[in-house]
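Right, one structure below, let's go through it.
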Amino acid sequence: MAAVKDAVRKPASKVAFGKVLAIQIVAYVVLVALALIPGITYGDPAKPAVVSFSVIGSLAMIALLVAFSPFRDGAAGHVIAVVAGLLSVVCATTMMLGRAIFPAGVDGSRNFSMEEGWIAGVGGLLIVLVIVSFGRQMARENRTHLIRSLSHGVVEGAAMIASAGWCFLPTLLPTTHDKAIAASVAAGADGTFVGPTTMTWAIAAIVALLVAVVLGVCSYFWYRDADPEPDARSPWIGIALLPVMLTGAAVGIAAFAAVTF
């Protein structure tokens with residue numbers, strides 16, 4: 001998280017940290033509210049995939065982070081991060097990647113969840129993000145602030161990639177997790193898939209919640225040391241969204257644990 005600290009030092013004007021915290025709380029409330037709405041189904045009627053409306057929240061955060069960015073990585077860095085974030089959303093809402101990379105068994109069946117396909121996509125996207133960001137910096141004629149620009153670009157891209165994990169929030173909510181797990185597993189499994197236990201689901205949900213709290217605490221220090229571009233528009237909004245977006249990774253991994261173990 002050193003990159004986030006570098007991204008944000010001594011802004012021209014400050015607002016009370018309470019506003020930053022309020023943005024985070026509102027974001028979490030909106031994401032939960034969207035996740036409670038029955039998702040959109042598509043694909044095989046017998047085993048449809050379900051896309052949660054929380055994907056709207058993920059896309060909105062990607063747009064807002066660009067508009068109110070606290071990072072000093074330039075227009076090209078924003079474009080790279082947005083493309084990575086959108087590809088992550090595609091991985092979270094479709095089964096194409098999972099069906100392409102997970103081999104069929106001897107009987108032709110495939111057993112994987114939507115979370116599993118997304119995590120595989122995230123791994124690939126993070127590798128590509130680092131390579132592209134490094135290549136972009138090496139292509140610069142004037143490489144001043146190289147480490148800062150590189151780290152800011154990677155952190156911004158990672159946050160946008162992670163935000164797609166909120167698509168799996170219904171798996172962790174007490175009122176929706178049973179149906180969400182069943183849909184996630186059925187959409188990617190042609191054979192038998194081992195279902196989750198209540199204890200695994202509870203632990204996964206608690207860990208994701210703790211990650212959200214820890215990142216919320218970290219955001220205070222990111223905000224305190226903020227130093228965005230002089231002409232940045234309300235970068236404190238971007239700082240407020242960072243922990244929410246990064247928590248998406250914990251949500252996606254926790255959902256994966258809930259459907260797998």
Original post:
What are the two closest non-hydrogen atoms of Ser69 and Glu156, and how far apart are they?
Top reply: OG-OE2, 3.9 Å
Original post:
So do the side chains of Ile62 and Ser163 get within less than 4.5 Å of each other, counting heavy atoms only?
Top reply: yes
Original post:
Mind checking whether Leu210 and Val217 sit in one hydrophobic cluster, side chains of I, L, V, M, F, W, Y counted as touching below 4.5 Å?
Top reply: no
Original post:
Rounded to the nearest 0.5 Å, what separation is found between the CH2 atom of Trp236 and the CZ atom of Phe68?
Top reply: 8.5 Å
**OP:** Kindly indicate whether the side chain of Trp222, heavy atoms from C-beta on, has any atom under 4.5 Å from the side chain of Pro70.
**Re:** no
Subject >> Nearest non-hydrogen partners of Trp166 and Ser58, listed with the distance >> reply: CB-OG, 3.7 Å
Original post:
Below 4.5 Å, heavy atoms only, C-beta onward: do Leu31 and Val244 meet side chain to side chain?
Top reply: yes
Original post:
So, do Phe168 and Ser52 sit near enough that their side-chain heavy atoms are less than 4.5 Å apart?
Top reply: no
**OP:** Search all heavy atoms of Ala92 against all heavy atoms of Met114 and return the closest pair with its distance.
**Re:** O-CE, 3.6 Å
**OP:** State, with a plain yes or no, whether a side-chain heavy atom of Pro170 is found less than 4.5 Å away from one of Phe53.
**Re:** no
Original post:
Judged by atom type as modelled, is there a donor-acceptor pair below 3.5 Å linking the side chain of Ser113 to the main-chain atoms of Glu116?
Top reply: yes
Original post:
How many angstroms lie between atom CE of Met245 and atom CG of Leu65, to the nearest 0.5 angstrom?
Top reply: 5.0 Å
Subject >> Met160 side, atom CE; His78 side, atom NE2 - distance, nearest 0.5 Å >> reply: 7.5 Å
Original post:
Is Ile25 reachable from Tyr28 through a run of I, L, V, M, F, W or Y residues, each pair having side-chain heavy atoms under 4.5 Å apart?
Top reply: yes
Original post:
Could you give the distance from CG (Leu215) to OG (Ser219), rounded to the nearest 0.5 Å?
Top reply: 8.5 Å
Subject >> Considering all heavy atoms, the nearest Leu146-Arg140 contact >> reply: CA-NH1, 4.2 Å
**OP:** Using the rule that two of Ile, Leu, Val, Met, Phe, Trp, Tyr join whenever any of their side-chain heavy atoms come within less than 4.5 Å, decide whether Val213 and Leu21 are in one cluster.
**Re:** no
Original post:
Which heavy-atom pair separates Ala159 from Leu246 by the least distance, and what is that distance?
Top reply: CA-CD2, 3.8 Å
Original post:
Shared ILVMFWY cluster between Val51 and Val89, side chains joined below 4.5 angstrom?
Top reply: yes
Original post:
Would Leu242 end up clustered with Phe221 when hydrophobic side chains under 4.5 Å apart are linked, directly or stepwise?
Top reply: yes
Subject >> Straight-line distance of Arg72 CZ to Ser151 OG, nearest 0.5 Å >> reply: 12.0 Å
Original post:
Can you tell which of Leu125, Val130, Ile131, Leu129 makes a side-chain contact (heavy atoms from CB on, under 4.5 Å) with Ile127?
Top reply: Ile131
Original post:
Under the side chain to side chain contact (heavy atoms under 4.5 Å, CB included) criterion, do Leu34 and Val30 qualify, and how do the steps go?
Top reply: CA-CA 6 Å; Leu34 289 171; Val30 170; 3.9 Å; yes
**OP:** Say whether, by atom type as modelled, one donor and one acceptor occur between the side chain of Trp201 and the main chain of Thr171 under 3.5 angstrom.
**Re:** yes
Subject >> Point-to-point distance, once rounded to the nearest 0.5 Å, from CG of Leu59 to OG1 of Thr93 >> reply: 8.5 Å
**OP:** Considering non-hydrogen atoms only, spot the tightest contact between Trp118 and Ser88 and give its length.
**Re:** NE1-OG, 3.0 Å
